[in-house]
Amino acid sequence: MNGSSTDDQSTTTETTSTVAAPVTMTPPIGSAGSVVLDQEQGLEAESRKLPSSRFKGVVPQPSGRWGAQIYEKHQRVWLGTFNEEHEAAKAYDTAVQRFRGRDAVTNLKLLPLDTEEARLEASFLNSRSKAEIVDMLRKHTYNDELEQSKRNKSLQKNPFTDRFGSGKTANAREQLFEKAVTPSDVGKLNRLVIPKQHAEKHFPLQIGNSSKGVLLHFEDIGMKVWRFRYSYWNSSQSYVLTKGWSRFVKEKNLKAGDIVSFQRSTGPDKQLYIDWKTKSASSNMNPEPIQPIRPVQMLRLFGVDILSGDNDNT
DNA sequence: ATTTGTGTTGAG
DNA sequence: TCAACACAAATG
């Protein structure tokens, strides 16, 4: 049934190949019915015994392939069959993270904390039901769907048309507020003053945290995450972004009068976003654009996204 | 004709 | 919860 195609799941060089490519020790010759296989470690008497997998959630198949399964409430959930043992292990890893959370024990998956890849995949995982994830794994389409999700996310992040055009919020992000930065906001003070009105409305501080401050995560247009310390300064009775702010000013080459804007995801994740633009023109006028936006690429992505409608999501 | 993946059991 | 085993159901 799934003999070939849709094989592009892992990063290994496993290309599409039918069962006729047995690189491993498992001989796919004939089904494990009663075929006697000598040469196999001299275990003639147990020739029909299947080899155990060293991976959790992975079981051998009589065909020589590997099945993946996970248990939930005394019940097995089948995750599909795979040509390679590690492919099945990967499927289990994905499933177990969706079923039991980020801290679940996995077989192979390194847990690159704090990387954008990890964030995107975590977001993608939770945006789908368990059944949907299982379906993707069984059909070997999980990686494709994940990549497509990433593309959509990056499109969704592009606010240029929205904010410079009509200012309407058609995205899954809501505009919180904007501020024209002052000379001191981009100067040596290394801090951004957040107007009290907006600060108290959108970034409320706990009573205990007001002096100490909290760490806020913002994502920019290039999906780069910025971490700013946010606190209240009693001396000036103002709310400020301090640690981390100067790096943003430097990288974006912010000048006095430029506009910084803050958004927040309308979804349940409450992800915060930060962006900027020059006073009277688009940010493309930046002499050193670190994250150059290419309208051409954006359009191309749009086209691909719209045209690739061959998914059979339930 | 093959292979899947479910039914089932027993160990941990 | 987990995998080993057997085999009816599913698939080609």
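In this text, all values refer to a predicted model and were calculated from it rather than measured experimentally. Here is the naming used below: chain letters follow the sequence lines, and residue numbers restart at 1 for every chain. Values below: all heavy atoms of this structure, side chains included; hydrogens, waters and symmetry mates excluded.
Remark: A:Ser63 is not in phosphate contact with B:dT2, judged by side-chain N or O atoms under 4.0 Å from OP1 or OP2. Regarding contacts with the backbone of C:dA3, every side-chain N or O of A:Lys56 stays at 4.0 angstrom or more from both OP1 and OP2. OP1 or OP2 of B:dG5 sits under 4.0 Å from a side-chain N or O of A:Arg138.
Contacts of A:Gln69 classified as side-chain hydrogen bond (donor to acceptor under 3.5 Å, both in side chains), with partners at least two apart in sequence or in another chain: none. With sequence neighbours excluded, the residues satisfying side-chain contact (heavy atoms from CB on, under 4.5 Å) with A:Ser53 are A:Phe55, A:Val58, A:Trp66, A:Glu85. Partners of A:Trp245 by side-chain hydrogen bond (donor to acceptor under 3.5 Å, both in side chains), not counting sequence neighbours: none found. Residues passing the side-chain contact (heavy atoms from CB on, under 4.5 Å) test with A:Lys196 are A:Glu200, A:Tyr239, sequence neighbours excluded.
Backbone-only engagement by A:Glu72 is indicated by non-hydrogen atom pairs under 4.0 Å involving sugar-phosphate atoms exclusively.
For the pair A:Leu50 CG and B:dT3 P, the interatomic distance rounds to 13 Å; values are reported in whole Å. When the P atom of C:dC2 is taken as reference, atom CG of A:Leu79 falls 12 Å away, rounded to whole Å. Put simply, CH2 on A:Trp66 is 13 Å from P on B:dT4, counting in whole angstrom units. Straight-line distance from the NE2 atom of A:His140 to the C1' atom of B:dG5: 13 Å, rounded to whole Å. For A:Trp78 and C:dC7, the CH2 to C1' distance is 14 Å, given to the nearest whole Å. What separates CD of A:Gln69 from P of C:dA3 is a distance of 6 Å, to the nearest Å. In this structure, A:Tyr92 atom OH and C:dC2 atom P are separated by 5 Å, rounded to whole Å. One atom, CD of A:Gln75, and another, C1' of C:dT1, lie 13 Å apart when rounded to the nearest Å.
Around atom CZ of A:Arg247, no more than 12 heavy atoms belonging to other residues, nucleotides or ligands sit under 6.0 Å away.
A salt bridge does not link A:Glu87 with A:Lys90: every distance from a Lys NZ or Arg NE/NH1/NH2 to an Asp or Glu carboxylate oxygen is 4.0 Å or more.
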Which atom pairs, one a donor and one an acceptor, fall under 3.5 Å between side chains of residues 179-189 of chain A and the rest of the protein, sequence neighbours left out?
from, atom 1, to, atom 2, distance (Å)
A:Lys179, NZ, A:Asp185, OD2, 2.7
A:Lys179, NZ, A:Val193, O, 2.7
A:Thr182, OG1, A:Ser184, N, 3.4
A:Thr182, OG1, A:Ser184, OG, 3.0
A:Thr182, OG1, A:Asp185, N, 3.1
A:Thr182, OG1, A:Asp185, OD2, 3.1
A:Ser184, OG, A:Arg191, NH1, 3.4
A:Ser184, OG, A:Arg191, NH2, 3.3
A:Asp185, OD1, A:Arg191, NH1, 2.9
A:Asp185, OD1, A:Val193, N, 3.1
A:Asp185, OD2, A:Thr182, N, 3.0

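Nearest-nucleotide mapping onto DNA chain C: of A:Ser52 and A:His74, the residue sitting toward the 5' end is A:His74.
Taking the C1' atom of each, C:dA6 and B:dG12 are spaced 22 Å apart, rounded to whole Å.
One N or O donor and one acceptor, one from the side chain of A:Gln61 and one from the base of B:dG5, sit under 3.5 Å apart.
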Between the protein and nucleotides 8-12 of chain B, which nitrogen or oxygen pairs are less than 3.5 angstrom apart?
none

